[in-house]
K.L.:
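This is the structure I have questions about; it appears just below.
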Amino acid sequence: MENFPTPEQSNNPEEKKEHIPTLEEVQSILEQILEGQEYEKIRKEEDQDGLDLWEVRVKTPEGISEFSYKRKGSYDTENQERVDVIHVTFFDEDDMPTGGHSVAKYIDQDWKLTS
């Protein structure tokens, strides 16, 4: 005889819902990464689930560093984040991108610095 879960044992989607970092949580890890540097808020996007995108810029002697938080998920047909992530992109004095990389990932409800 097969045992089927009772309603109390069945998977409740509310319990399985993943935590989406709040603006305050993202701001806290970003300020830790920036070590007190001043930053300019560029863009913030939220939806019914919470913070989706947040971008800030920091002036450096070499140009600008832009830090971008993205919530995990699909954003277009070519890009998909598997975890919530903060990337940095470097721009020269002419505002041309010169490189970048990930600086933090949100794994198991904790921020992990990646650089």
K.L.:
Identify which one of Ile42, Val88, Thr89 satisfies the side chain to side chain contact (heavy atoms under 4.5 Å, CB included) criterion when paired with Phe67.
P.N.:
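When side chain to side chain contact (heavy atoms under 4.5 Å, CB included) is applied between Phe67 and each of Ile42, Val88, Thr89, only Val88 qualifies.
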
K.L.:
Decide yes or no for Trp111 and Ile86: does some side-chain heavy atom of the first lie under 4.5 Å from some side-chain heavy atom of the second?
P.N.:
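Contact flag for Trp111/Ile86 side chains = yes.
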
K.L.:
Is Tyr69 reachable from Leu23 through a run of I, L, V, M, F, W or Y residues, each pair having side-chain heavy atoms under 4.5 Å apart?
P.N.:
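Leu23 clusters together with Tyr69.
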
K.L.:
With a 4.5 Å cut-off on side-chain heavy atoms, are Glu62 and Thr98 touching?
P.N.:
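Thr98 vs Glu62: side chains apart.
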
K.L.:
Testing the basics here: between Lys59 and Gln37, what is the closest heavy-atom pair and its distance to 0.1 Å?
P.N.:
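Heavy atoms only, the tightest pair is O-OE1, 4.5 Å.
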
K.L.:
Can you check side-chain contact (heavy atoms from CB on, under 4.5 Å) on Leu51 and Glu46, steps first, answer last?
P.N.:
CA-CA 4 Å; Leu51 186 63; Glu46 297 177 285; 4.0 Å; yes

K.L.:
Evaluate side-chain contact (heavy atoms from CB on, under 4.5 Å) for Val58 paired with Glu38, printing each intermediate quantity in order.
P.N.:
CA-CA 7 Å; Val58 176; Glu38 296 284 324; over 6 Å; no

K.L.:
With Lys112, which residues qualify under salt bridge (charged side-chain N to carboxylate O under 4.0 Å, His left out), at least two apart?
P.N.:
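With sequence neighbours excluded, Lys112 shows a salt bridge (charged side-chain N to carboxylate O under 4.0 Å, His left out) to Asp110, given in chain and number order.
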
K.L.:
What are the two closest non-hydrogen atoms of Pro21 and Val26, and how far apart are they?
P.N.:
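Minimum heavy-atom separation between Pro21 and Val26: CB-CG2, 3.9 Å.
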
K.L.:
About how many Å separate OG of Ser68 and CD of Glu55, when rounded to the nearest 0.5 Å?
P.N.:
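Reported value, rounded in 0.5 Å steps: 4.0 Å.
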
K.L.:
Does the side chain of Ile33 reach to within under 4.5 Å of the side chain of Leu113, using non-hydrogen atoms?
P.N.:
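A side-chain contact under 4.5 Å exists here.
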
K.L.:
Considering only heavy atoms from C-beta outward, does the side chain of His19 approach that of Glu25 to under 4.5 Å?
P.N.:
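Touching, per the 4.5 Å side-chain cut-off.
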
K.L.:
Could you tell me whether a side-chain N or O of Asp47 sits under 3.5 Å from a main-chain N or O of Asp49, the two making a donor and an acceptor?
P.N.:
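Answer holds: yes.
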
K.L.:
Can you give me the closest heavy-atom contact between Ser65 and Phe90, atom names plus distance?
P.N.:
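Closest approach of Ser65 to Phe90: OG-CD2, 3.4 Å.
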
K.L.:
Supply the atom-to-atom distance Tyr106 OH to Asp84 CG, rounded to the nearest 0.5 angstrom.
P.N.:
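Output value for this atom pair is 7.5 Å.
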
K.L.:
Please list, chain by chain and in numerical order, all residues satisfying salt bridge (charged side-chain N to carboxylate O under 4.0 Å, His left out) with Glu66, sequence neighbours excluded.
P.N.:
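Counting only residues at least two positions away or on another chain, Glu66 forms a salt bridge (charged side-chain N to carboxylate O under 4.0 Å, His left out) with Arg57.
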
K.L.:
Can you name the closest pair of heavy atoms from Trp54 and Leu30 and give their distance?
P.N.:
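Minimum heavy-atom separation between Trp54 and Leu30: CZ3-CD2, 3.6 Å.
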
K.L.:
What I'd like to find out is whether the side chain of Val56 reaches to under 4.5 Å of the side chain of Glu40, using heavy atoms alone.
P.N.:
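Not touching, per the 4.5 Å side-chain cut-off.
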
K.L.:
Are Tyr39 and Gln27 close enough, and set up right, to give a side-chain contact (heavy atoms from CB on, under 4.5 Å), and what steps lead you there?
P.N.:
CA-CA 11 Å; Tyr39 58 88; Gln27 185 173 359; 3.0 Å; yes

K.L.:
Is there side-chain contact between Thr114 and Lys105, with at least one heavy-atom pair below 4.5 Å?
P.N.:
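Yes, at least one pair of side-chain atoms sits under 4.5 Å.
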
K.L.:
Rounded to the nearest 0.5 Å, what's the gap from CG on Asp94 to CD1 on Ile64? Could you check?
P.N.:
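It comes to 12.0 Å.
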
